[in-house]
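To start, the structure under review is shown below, and the notes come after it.
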Amino acid sequence: MEKVYSAKEVEAKWSKYWIDNKTFSAKPDKNKKPFTIVIPPPNITGVLHMGHALNNTLQDIIIRFKKMSGFNALWVPGTDHGGIATQSVVEKILKKEGKTKFDLGREKFLEKMRAWRKETGDSILEQLKKLGCGLDWDRTAFTMDESRSKAVQKAFIKLFDKGLIYRGKRLVNWCPHCGTALSDIEVEYENEKSNLWYIKYPFSDGSGYITVATTRPETMLGDTAVAVNPDDTRYLKVSQKTIKLPLIDREIKIVKDFTIEKEFGTGAVKVTPAHDANDDAIAKRHNLEYIEIIDAQGKMINVPDKYKGLSVSDARKAIVADLQEQGFIEKIEDYSHSVGRCYRCMTTIEPLMSWQWFLNVDDMSKRAVKAAKNKETKFYPQSWEKPYTLWLENLRDWCISRQIWWGHRIPVYYCVNEKGEKNSCKPIAAYEKPKKCPECSGEFFLQDNDVLDTWFSSALWPFSVFNWGQNDTNTNEDLNYFYPTSTLVTGHEILYLWVARMVQFGLEFIDDIPFSDIFLNGIVRDKHGKKMSKTLGNVVDPILIMDKFGTDALRFALSQAAVPGRDMQISDENFLSARNFANKIWNASRFIIMNSSEAGELDKNIKPKELADRWILDEFEDLSAKVQLNFTNYDIDKAARELYDFLWTKFCDWYIELSKIRIASTNIDEKKQVLSILIYVLKGTLQLLSPIMPFITSEIWEILNENSKETKIISETIFPLVKNKKEVISISQQEMKIVQDIIVKIRTLRSQTNIAPGLEIKAIFNILDDAKSLGAKNNQGYIKTLAKLNAIEFTKDIKRPKNSAMTVVSGFEIFLPLEGLIDISKEKNRLQKEISNAKGEIERTTKKLENTSFLERAPKEEIKKIRDRSEEARLKIEKIKENLDFLQ
RNA sequence: GGGCAGUUAGCUCAGCUGGAAGAGCAUUUCCCUUACAAGGAAGAGGUCGCAGGUUCAAAUCCUGCACUGCCCACCA
């Protein structure tokens, strides 16, 4: 074994091994309990970023943990076609060639899309292999492959036939850049500095005007009313009047609506039903006319020639200028308000009227809410449940059609005549083009041009990956066994976009929730707390981190930072420290392996006879229980920290150091004993760590078992059983604490009196309390080794050795005779400081002990603890003072 | 406007079923001690955001407030 752990070869070896040997493939098996995770399918546009690295590391940890806990663990891989996002990437490439998708036409363009997918499609899955993910690669799915497409069709047809999917012309969120409608959650709102224009709308009868305040003056050409609050005393008498719209002189009414806030602006609102969601609602209540003035390209239509064809922003400038010139602008204020943008291209959304397909989700939403409230779907952390149910309760129908080409084409066919003109027959939803129209017996059909929202197929993912929808039955062997899946691990940013819809569809189609646990991970931020983004240039590439620090280091650093539901800041320091940890594990193992190979065959039976042995075994049991509990509760961060602390501090700094004296022993039995315990604890710890750091633990495990009959594959092993341990500190742990205290005290003494670290010296322990000193007496060997002493003299009432450094621990005084070596004045200062520390302790404790309420109400053990502490501090001061006198 | 998190050592964060303030990194001193200098030993560094309250006892429970970040909402 090399002195420094080199991750590269080890990682390449094991990620290949797991794939070649199908370590993580799973089939239905009645004798084992399933544990299933379905991957959040990354978009095929994607390259692995930190968010993926985190999300998939967490899933892999859970899968490996469950597998090693005896479950039939399955993790299904796959990718998403990504709808608008992916199409726009290819469109950008076309644009560089000076072409648009229309130059190619639908079929050619889709060919191009498929070619692009083939080329770059699954590269992210390759990166997941590098990350070590224990996925069942034979099950790799794609949202647009044959099986998944069939599932989409089946789902659509079912919903259509049930009457839940319908087509209508409605006000939708329209992205002029992407040229498609979007659902409500695909719009992101952002505050923008703008103006509030106050425009005078003259009454038709010439009796003055009413002023409206608006952020969108250009839409005035589509106004069909002005609305005021019915309680607004300023406008009590205006409702009989009409208004003559400036610039175009169209006559519009004044309506009264309770939603209008009197305090805002002038309390009078211009109403543009065809281009504003609020106005649309008002228009419905008051039966107002809809006038469309903006088209799908974001250009003005149905307006005077002067404005026709202008973009929205140009139209705004022109209209404001004209209004100003004609004296209709009362004033212009600075104003900041939120503007909706397309979540893919950040273009400002235009609300406009459009023919679209909608899905009525009322019933599914209610069922999803019920499932959450009954804790059938549980959230980790729980705080997400409330916003989740709130969102579901206030859902409007989902606009599922998109005017793009890349996606699942809507399986609806219209009966047409020979010229291709639509007949009035009812559209038909079907897998294939119908042969004959049931209404008119016509034989010509056209398929709907739109495709489905990419999230429609994503919503089917938890069961479409198990090939739901391939036939008339609603289930199959895989679904029966693996569905509902166990845990969904994802970021909260797609809680509504994806998670909620999977639950809705699972309940709708399978009549069961898709997963019981929803584990939400946070966002990975840079070291300044900024979200990583290409434009900011602060993106940390996980692949580079893997190459630089090792994949296990990346995984460990992410795990340690992954407090459920919380964002995390991460930087090279985290990875560096994790890499050092990997090296530490490597070297500890190296030490043990080197020595055990010299020792020959080891005892299988562990006979812990020494304090240190009992102690480390107790500590290991605690660790095992804690880590397994943490994994179960998705507290991956806690598990990582527990393992780090145990391995580094308890195992390496203490137990291995303590074991050295016995390893060096000439007594071969003694040597074998301690080595068998070292190996036992090391192996167990490697197992517990292997879900987080699978590569290094696999490698060490293999080396450890080189000549053994045990499996050489750590992933195939089962975790050590957790004994039902009480939450108390064991006797060994108490005793060990005393020994450690003594060692640290002596080392401190040595360090502060500048005794050369290598120099072995003698110590005198002057016993003050026989009972308390027993532990030290029984474990002198440890104290000598770790405190570098060549002898310990136990005495009572000794004469103080001349010029010695001293300190007091529980049960005795310790003297280090250092004739001629110590600086008397320095030693005095040091002792003074110890006294002042002890005095502080006395002050704190006496304050409590003089408090009668404390003595009356606090538990007895607590009072005893304080008394002991107080007494110890008192004794300490007394002894140090004696020594100070002696030094003088 | 509503909701949810967070505020602890210079930095990143643990601790929060109430009983002596913790880790990593950075920093100071010493040490290349035969597992590891990607290491070891010993230090220094905090009135736990502010103000009240409950309690014998509060970083931990309750109530306000401030700041930061996120989410939701029909902010014309």
Side-chain angles (χ1 to χ4, degrees), chain A residues 1 3-5 189 191 196-197 212-216 219 227 259-261 264-272 276-282 335-338 381 383-384 386-387 390-391 394 492-493 495-496 522-523 525 527 529 531 549 553 557 560-561 563 565-574 576-595 637-638 641 644-645 648-649 652-653 656-657 660 664 743-744 747-752 754-758 786-788 841 844-845 848 851-859 861-863 865-866 869:
Chain A
M1 285 172 89
K3 202 166 163 181
V4 171
Y5 171 63
Y189 290 88
N191 254 24
L196 193 58
W197 286 270
V212 298
T214 181
T215 53
R216 298 204 60 184
T219 62
T259 59
I260 308 303
E261 279 187 44
F264 190 92
T266 59
V269 184
K270 61 189 265 324
V271 181
T272 323
D276 184 282
N278 297 322
D279 297 357
D280 176 39
I282 295 172
Y335 187 64
S336 171
H337 68 133
S338 78
S383 53
W384 279 105
K386 209 172 134 188
L390 214 72
W391 183 80
N394 294 301
H492 52 243
E493 70 273 11
L495 184 62
Y496 308 134
I523 295 168
R525 297 171 178 279
K527 66 188 298 184
K531 213 167 167 174
F549 299 101
Q560 215 179 4
V563 181
R566 281 191 45 191
D567 291 356
M568 63 201 74
Q569 281 170 245
I570 209 153
S571 67
D572 269 15
E573 282 139 38
N574 304 72
L576 191 75
S577 129
R579 182 203 63 176
N580 293 353
F581 181 48
N583 195 50
K584 188 76 183 177
I585 301 162
W586 181 256
N587 276 291
S589 308
R590 192 161 72 94
F591 172 74
I592 295 167
I593 288 163
M594 272 163 43
N595 284 293
D637 59 314
K638 290 196 179 107
R641 266 190 289 271
Y644 186 99
D645 179 55
W648 203 305
T649 310
C652 291
D653 291 347
I656 290 187
E657 291 308 320
K660 281 179 177 172
I743 292 167
V744 169
R747 293 208 282 221
T748 306
L749 266 187
R750 294 181 59 123
S751 163
Q752 294 185 341
N754 292 324
I755 300 165
L786 295 199
K788 284 267 177 193
E841 177 74 356
R844 281 191 299 273
T845 48
K848 283 196 171 184
N851 183 341
T852 48
S853 308
F854 173 73
L855 296 174
E856 276 165 26
R857 308 205 185 186
E861 315 85 68
E862 185 60 26
I863 297 172
K865 229 167 80 185
I866 302 290
R869 266 166 48 195

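Convention: sequence-line order gives letters A, B, ...; per-chain numbering from 1. Note: hydrogens, waters and symmetry copies are ignored here, and every other heavy atom, side chains too, is used. Just so we're clear, the structure is a prediction, and the values are computed from it rather than from any experiment.
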Quickly work out the [X] [atom1] to [N] [atom2] distance and round it to whole Å.
X	N	atom1	atom2	answer
A/N394	B/C72	CG	C1'	9 Å
A/N595	B/C36	CG	P	11 Å
A/I656	B/G39	CD1	P	15 Å
A/N754	B/A42	CG	C1'	11 Å
A/E573	B/U27	CD	P	10 Å
A/R750	B/C31	CZ	P	13 Å
A/E861	B/G19	CD	P	14 Å
A/R579	B/A37	CZ	C1'	12 Å

Nearest-nucleotide pick for [X], side chain only, options being [options]:
X	options	value
A/D653	B/G19, B/C13, B/A41	B/A41
A/K584	B/A20, B/G39, B/C71	B/G39
A/N583	B/C36, B/C75, B/A35	B/C36
A/V563	B/A14, B/A20, B/C75	B/A14
A/P757	B/G40, B/A76, B/C31	B/C31
A/I260	B/A76, B/C36, B/A42	B/A76
A/E841	B/A20, B/A14, B/C71	B/A20
A/K848	B/A42, B/U12, B/G19	B/G19
A/K386	B/C4, B/A20, B/C36	B/C4
A/A858	B/G19, B/A35, B/A76	B/G19

Need one value for [X]: base, sugar-phosphate or nothing, where a base atom within 4.0 Å counts as base even if backbone is also close, heavy atoms only.
X	value
A/E493	nothing
A/A588	base
A/F581	nothing
A/P859	base
A/E261	base
A/W648	sugar-phosphate
A/A268	base
A/Q569	sugar-phosphate
A/V744	sugar-phosphate

Can you find a donor-acceptor N/O pair under 3.5 angstrom joining the side chain of [X] to the base of [N]?
X	N	answer
A/K3	B/C36	no
A/K660	B/A35	yes
A/R747	B/A42	no
A/Q752	B/A41	no
A/S577	B/C25	no

Q | salt_bridge(A/R641, A/D645) N-O dist < 4.0 Å | A | no

Are OP1 or OP2 of [N] and a side-chain N or O of [X] less than 4.0 angstrom apart?
X	N	result
A/S336	B/C75	no
A/R566	B/U7	no
A/H337	B/A76	yes

Q) Going through the checks in order, is the side-chain contact (heavy atoms from CB on, under 4.5 Å) test met by A/M1 and A/M594? A) CA-CA 9 Å; A/M1 285 172 89; A/M594 272 163 43; over 6 Å; no

For atom [atom1], what is the distance between [N] and [M], given to the nearest Å?
N	M	atom1	value
B/C16	B/A21	P	15 Å
B/G10	B/G1	C1'	39 Å
B/G52	B/A57	P	16 Å
B/A23	B/C62	P	28 Å
B/U7	B/U12	P	12 Å
B/U55	B/A44	C1'	35 Å

With no hydrogens and no angle check, is any side-chain donor or acceptor of [X] less than 3.5 Å from a backbone partner on [Y]?
X	Y	answer
A/R747	A/L786	yes
A/R750	A/K788	yes
A/N574	A/I570	no

Q: Search all heavy atoms of A/D637 against all heavy atoms of A/Q560 and return the closest pair with its distance.
A: CB-O, 3.4 Å

Q.
If I compare all heavy atoms of A/I260 with all of A/I282, which pair ends up nearest, and what's the gap?
A. CD1-CD1, 4.0 Å

**Q.** Stepwise side-chain contact (heavy atoms from CB on, under 4.5 Å) check, A/V4 with A/W586
**A.** CA-CA 8 Å; A/V4 171; A/W586 181 256; over 6 Å; no

Q: Measure from NZ or CZ of A/K584 to the centre of the six-membered ring of A/Y5, then state whether that distance is under 6.0 Å and the direction lies within 45° of the axis.
A: no

Q) According to a 3.5 Å limit on both distances, what stems of 3 or more consecutive Watson-Crick or G-U pairs are formed with RNA chain B? A) B:1-7 with B:66-72, B:10-13 with B:22-25, B:27-31 with B:39-43, B:49-53 with B:61-65

**Q.** Geometric class of the A/Y644/A/F581 ring pair [parallel <30°, tilted 30-60°, perpendicular >60°]
**A.** tilted

Q. In Å, rounded to the nearest 0.5 Å, how long is the span from CG of A/N191 to OG of A/S338?
A. 6.0 Å

